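Just below is one structure, and these are the notes that go with it.
Computed from a predicted structure; not experimentally measured.
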Amino acid sequence: TPAEHDMPLTDKGHKEAEAVRDYFLAHKIDLKAIYASTYVRATETAQATAEAFGLEVYTDTDLCERRWGMMGKGTWQEVVASLDRMTLGERYTFVPEGGESWAQMEARARGVVDEILKNEAGDVAVFTHGGLLRGLLPALVGVDKSQHEEYTIQSGGIVRFDSNSK
């Protein structure tokens with residue numbers, strides 16, 4: 001499978017989407033809005049929750065994974081092998097041909113999160129991807145990017161983030 005791909009949910013993915021929906025319902029979280037990456041697997045996951053809450057899913061390309069350009073045509077193992085030869089600082093600023101750097105991905109994701117926070121009041125669900133979260137969460141919580149691997153989120157995982165606390 002190429003590193004950069006857009007695939008629909010598998011049977012396991014549909015079960016994870018139902019579990020996410022059930023989490024929101026069981027915890028009586030009163031969602032006011034739902035946002036998702038434009039990748040099919042994110043919108044399908046979001047749709048399961050949206051239907052339960054009678055909400056629309058707003059999609060945004062800025063919630064998509066890092067854009068790997070030509071590197072994304074290779075396997076993820078090939079991408080990792082290339083990145084493993086770099087320092088963390090080099091990885092942060094490296095722009096693959098036709099793609100974007102980690103810093104650029106973080107900036108675009110931060111921009112959409114800031115826009116959501118500015119425009120929405122109350123609880124909001126954002127359906128995105130593990131790589132984007134691993135790159136973005138350290139910046140959102142104010143820790144050094146060297147801790148990014150501590151923010152690895154499994155498929156179907158939920159991160160609750162209170163924008164009012166620090």
Side-chain angles (χ1 to χ4, degrees), residues 1-68 72 76 79-80 92 99-100 102-166:
T1 305
E4 196 168 300
H5 61 282
D6 183 12
M7 298 173 52
L9 289 176
T10 61
D11 287 342
K12 178 183 176 212
H14 283 287
K15 288 182 174 106
E16 290 171 345
E18 292 167 4
V20 169
R21 175 203 62 211
D22 293 348
Y23 173 89
F24 287 119
L25 292 169
H27 288 85
K28 298 182 180 7
I29 298 171
D30 186 21
L31 292 177
K32 302 298 184 195
I34 297 177
Y35 289 80
S37 151
T38 57
Y39 283 10
V40 173
R41 62 189 185 271
T43 56
E44 286 182 350
T45 303
Q47 195 58 46
T49 298
E51 289 172 4
F53 284 84
L55 296 171
E56 179 180 346
V57 176
Y58 300 102
T59 59
D60 195 312
T61 58
D62 286 343
L63 291 170
C64 291
E65 283 283 20
R66 180 174 174 182
R67 298 170 183 132
W68 290 101
W76 181 243
V79 171
V80 169
Y92 189 68
E100 68 183 345
W102 171 358
Q104 291 167 323
M105 175 196 70
E106 180 185 301
R108 79 169 152 81
R110 182 67 184 254
V112 73
V113 168
D114 287 347
E115 194 67 22
I116 291 168
L117 292 174
K118 183 176 94 179
N119 293 325
E120 300 292 347
D123 291 323
V124 175
V126 177
F127 293 82
T128 187
H129 309 280
L132 183 130
L133 288 171
R134 190 172 43 254
L136 176 63
L137 285 173
L140 288 178
V141 300
V143 300
D144 189 82
K145 65 183 165 289
S146 63
Q147 296 181 37
H148 72 281
E149 290 188 7
E150 294 177 31
Y151 293 88
T152 298
I153 310 302
Q154 298 304 312
S155 175
I158 297 172
V159 175
R160 288 192 71 178
F161 186 81
D162 182 352
S163 65
N164 296 314
S165 66
K166 181 68 180 147

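Here OG1 of Thr128 is found 5.0 Å from CG of Leu63. Values are rounded to the nearest 0.5 Å. Gln47 contributes atom CD, which lies 11.5 Å from atom CG of Leu9 (distance to the nearest 0.5 angstrom). Going from atom CZ of Phe53 over to atom CD1 of Ile34 covers 7.0 Å, rounded to the nearest 0.5 Å. For the atom pair OG1 of Thr61 and CZ of Arg67, the computed distance is 5.0 Å after rounding to the nearest 0.5 Å. Expressed to the nearest 0.5 Å, how far NE2 of His27 lies from CG of Asp123 amounts to 12.5 Å. Annotation: the span from Ile158 atom CD1 to Ile153 atom CD1 amounts to 10.5 Å, rounded to 0.5 Å.
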Output, in order, the C-alpha distance, side-chain angles, deciding distance and verdict of side-chain contact (heavy atoms from CB on, under 4.5 Å) for Phe24 and Leu31. CA-CA 8 Å; Phe24 287 119; Leu31 292 177; 4.0 Å; yes
side-chain contact (heavy atoms from CB on, under 4.5 Å) between Thr49 and Tyr23: does it pass, once the steps are laid out? CA-CA 10 Å; Thr49 298; Tyr23 173 89; over 6 Å; no
Run the numbers on Leu25 and Arg21 for side-chain contact (heavy atoms from CB on, under 4.5 Å), then give the verdict. CA-CA 6 Å; Leu25 292 169; Arg21 175 203 62 211; 4.0 Å; yes
Test log, rule side-chain contact (heavy atoms from CB on, under 4.5 Å), inputs His148 and Tyr151: CA-CA 5 Å; His148 72 281; Tyr151 293 88; 5.6 Å; no
Determine, step by step, whether Arg134 and Glu150 satisfy the salt bridge (Lys or Arg N to Asp or Glu O under 4.0 Å) criterion, reporting the C-alpha distance in whole Å, the side-chain angles of both residues, the deciding distance to 0.1 Å, and the verdict. CA-CA 8 Å; Arg134 190 172 43 254; Glu150 294 177 31; over 6 Å; no
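Within the 4.5 Å cutoff, the side chain of Arg41 has no heavy atoms near those of the Pro8 side chain.
Glu16 and Ser155 are linked by a side-chain donor-acceptor pair at a separation below 3.5 angstrom, with hydrogens and angles left out of the test.
Other residues, nucleotides and ligands contribute at most 12 non-hydrogen atoms within 6.0 Å of the CG atom of Asp11.
Looking at Thr38, its side chain never comes within 3.5 Å of a backbone N or O of Asp60 through a donor-acceptor pair. Side-chain atoms of Glu106 never come within 3.5 Å of backbone atoms of Leu136 as a donor-acceptor pair (strictly under, hydrogens ignored).
One finds a salt bridge joining Arg108 and Glu100 here, because a Lys/Arg side-chain nitrogen approaches an Asp/Glu carboxylate oxygen to under 4.0 Å. A salt bridge links Lys32 to Asp30: one of the charged nitrogens lies within less than 4.0 Å of a carboxylate oxygen. Glu115 and Lys118 are joined by a salt bridge, as a carboxylate oxygen and a charged side-chain nitrogen come within less than 4.0 angstrom of each other.
Looking at every heavy atom in both residues, Leu132 comes nearest to Cys64 through CD1-O, 2.9 Å. Shortest non-hydrogen contact noted between Ala50 and Val57 is CB-CG2, 3.5 Å.
Ring geometry, Tyr39 versus His129: the interplanar angle falls from 30° to 60°, so the pair is classed tilted. The aromatic rings of Tyr58 and Tyr35 are tilted relative to each other, their planes meeting at an angle between 30° and 60°.
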